[in-house]
Amino acid sequence: MSNTNELINRINDKYGGLSKGQKRLAAYITDNYDKAVFLTAAKLGEVVGVSESTVVRFAVHLGYKGYPEFQKALEELVRNKLNSIQRMEVTYGRISQSRILETVLQSDMEKIKHTAEHIDQAAFEMAVDIILHARHIYIVGIRSCAPLASFLAFYFNLMFENVHLLQTNNSSELFEQMVRIGGEDVIIGISFPRYSMRTLKAMEFANNRSAKVITLTDSVHSPMNLYSSCNLIAKSDMASIVDSLVAPLSVINALIVALCMKKQSEVAQTLEMLEDIWDEYQVYENDEINYIDDSLKTRYAKLEH
């Protein structure tokens, strides 16, 4: 059963045993879940014309521990259907300014913990093996997932010769960059709600040409898994205006480390070569944060006096 439909399914299953007031709640929520998600138990009761206690009993009757758990299920139902302003209100509308830092950090920690507890270890090891033996590695991530794709490609370029970070201004450009993809290649698609149709099309294209497809996404029900042979699932609550991608980034870090361990000697040689290049071409020498010209020091000293 899809998580997205779980609340509606519970309402349908329990509807026959609801009281008259609870049936009014069920009808309102089914028709107006995008509005109900913003309401406290008291406000929801006021809108529907029942008491706050009726709202709480309704949540419990559906199998939730209380109204907060019911409200989280409601947030899950609407998270892909709201615009950015509404999504911000869903997650952060009830948080005081002084608790934002604490709340966001705690939420991110919980996402990493949830991912660590539920990720498929066999799928992770399969992904490592597929990437290790691929002729070409294609990586695609759109919009807020683009930095993840770029981060992954940066480190993969230190380990592999044929890494392609797909540039995504439009769908036709994606296909042009993938025109030679084949059965010995792999594409890694990164996408979280709202899911990217361009990423999905790229993965379909790769799958149709017998390439191996690895996804990094948020759920087994994600459309990104339609064409993949290996699914890496990372918790990412997109109910806010800011996409929380800390857990996916941790999975990417784990992939990079696992592959580095498999290719230790090659990576060491690459890094040694890069160090020589950086020294020869003074890549970092004149670009260090703590580098200050002596003339500037003298000028600062004069200003202080």
- Would you please test D185 and M178 for side chain to side chain contact (heavy atoms under 4.5 Å, CB included) and show each step? CA-CA 10 Å; D185 305 322; M178 299 168 60; over 6 Å; no
- Query: Which heavy atom in S196 sits nearest to a heavy atom in S191, and how many Å separate them?
  - Reply: N-OG, 3.1 Å
- Decide yes or no for R57 and T54: does some side-chain heavy atom of the first lie under 4.5 Å from some side-chain heavy atom of the second? yes
- Donor-acceptor pair, side chain of Q121 and main chain of I119, under 3.5 angstrom: no
- Item | Member of L166, L165, I190 meeting the side-chain contact (heavy atoms from CB on, under 4.5 Å) criterion with V140 | L166
- Note on the structure: dist I214:CD1 -> L255:CG (nearest 0.5 Å) comes out at 7.5 Å
- Message: Restricting to non-hydrogen atoms, name the atom on M203 and the atom on Y227 that form the minimum distance, rounded to 0.1 Å.
- Response: O-CB, 3.9 Å
- Would you kindly confirm whether V257 and F160 end up in one hydrophobic cluster when ILVMFWY residues are joined by side chain heavy atoms under 4.5 Å apart? no
- Over 12 non-hydrogen atoms of neighbours within 6.0 angstrom of CZ in R143: no
- Side chains of V163 and L152 in contact at under 4.5 Å (non-hydrogen atoms): no
- Message: Is it the case that atom CZ in F151 sees more than 12 heavy atoms from other parts of the structure closer than 6.0 Å?
- Response: yes
- Message: Could you check whether any side-chain heavy atom of Q106 comes within less than 4.5 Å of a side-chain heavy atom of M109, counting everything from C-beta outward?
- Response: yes
- Task: Over all heavy atoms of both residues, which pair between V56 and A41 is shortest? Give the atoms and the distance, please.
- Result: CG2-CB, 4.5 Å
- Criterion side chain to side chain contact (heavy atoms under 4.5 Å, CB included) on V128 and K262, from CA distance to verdict: CA-CA 9 Å; V128 170; K262 297 279 189 180; 4.3 Å; yes
- Taking all non-hydrogen atoms of both residues, which atom of A36 and which atom of Y28 are closest, and how far apart? CB-CE2, 4.0 Å
- Message: Can a donor-acceptor pair be found, under 3.5 Å and without considering hydrogens, that links the side chain of S229 to the backbone of V213?
- Response: yes
- Item | Spacing of I142 atom CD1 and L200 atom CG [to the nearest 0.5 Å] | 11.0 Å
- Message: Could you tell me if the side chain of L249 sits less than 4.5 Å from the side chain of L148, heavy atoms only?
- Response: yes
- Query: Is there a side-chain contact between F156 and L259, using heavy atoms and a 4.5 Å cut-off?
  - Reply: yes
- Check whether NZ of the Lys or CZ of the Arg R209 lies under 6.0 Å from the centre of the six-membered ring of F205 and within 45 degrees of that ring's axis. yes
- Could you walk me through whether F192 and L216 pass the side chain to side chain contact (heavy atoms under 4.5 Å, CB included) test, one step at a time? CA-CA 8 Å; F192 293 82; L216 178 57; 4.2 Å; yes
- Item | Check: N157 side chain, A153 main-chain N or O, donor-acceptor pair, under 3.5 Å | yes
- Item | S236 side-chain N/O to D218 backbone N/O, donor-acceptor pair under 3.5 Å | no
- Side chains of D120 and M126 in contact at under 4.5 Å (non-hydrogen atoms): no
- Message: With a 4.0 Å cut-off on N to O distance, would you call E69 and K72 a salt bridge?
- Response: no
- Item | Between CD1 on residue I233 and NE2 on residue H114, distance to nearest 0.5 Å | 11.0 Å
- Task: Starting at CD1 of I188, measure out to OG of S228 and round the result to the nearest 0.5 Å.
- Result: 12.0 Å
- Query: Is there side-chain contact between L18 and L25, with at least one heavy-atom pair below 4.5 Å?
  - Reply: no
- Message: Is the shortest side-chain heavy-atom distance between T40 and E52 below 4.5 Å?
- Response: no
- Task: Ignoring hydrogens and angles, tell me if any N or O in the side chain of N225 forms a donor-acceptor pair with the backbone of V220 under 3.5 Å.
- Result: yes
- Message: Quick test of your reading of the model: are E46 and K43 salt-bridged, counting only N-O distances below 4.0 Å?
- Response: yes
- Query: Hey, does the side chain of E266 reach the backbone of L158 with a donor-acceptor pair shorter than 3.5 angstrom?
  - Reply: no
- Can you tell me how far CD of E204 sits from CE of M197, rounded to the nearest 0.5 angstrom? 9.5 Å
- Query: Distance only, no hydrogens: is a donor on one side chain within 3.5 Å (strictly under) of an acceptor on the other, for S107 and K111?
  - Reply: yes
- Message: If I take atom NE2 from residue H164 and atom CD1 from residue I181, how far apart are they, to the nearest 0.5 angstrom?
- Response: 8.5 Å
- Any donor-acceptor pair under 3.5 Å linking the side chain of T215 with the backbone of T217? no
- Message: Apply side chain to side chain contact (heavy atoms under 4.5 Å, CB included) to residues V48 and F58 and explain how you reach the verdict.
- Response: CA-CA 13 Å; V48 176; F58 172 71; over 6 Å; no
- Message: Atom CD of residue position E161 - does it have more than 12 heavy atoms of other residues, nucleotides or ligands inside 6.0 Å?
- Response: no
- Note on the structure: Scanning both residues in full, the closest heavy-atom pair of A234 with V251 reads CB-CG2, 4.1 Å
- Note on the structure: Nearest heavy-atom contact between C230 and I130 is CB-CD1, 4.3 Å
- Task: For the pair T199 (side chain) and G141 (backbone), establish whether a donor and an acceptor sit closer than 3.5 Å, ignoring hydrogens and angles.
- Result: no
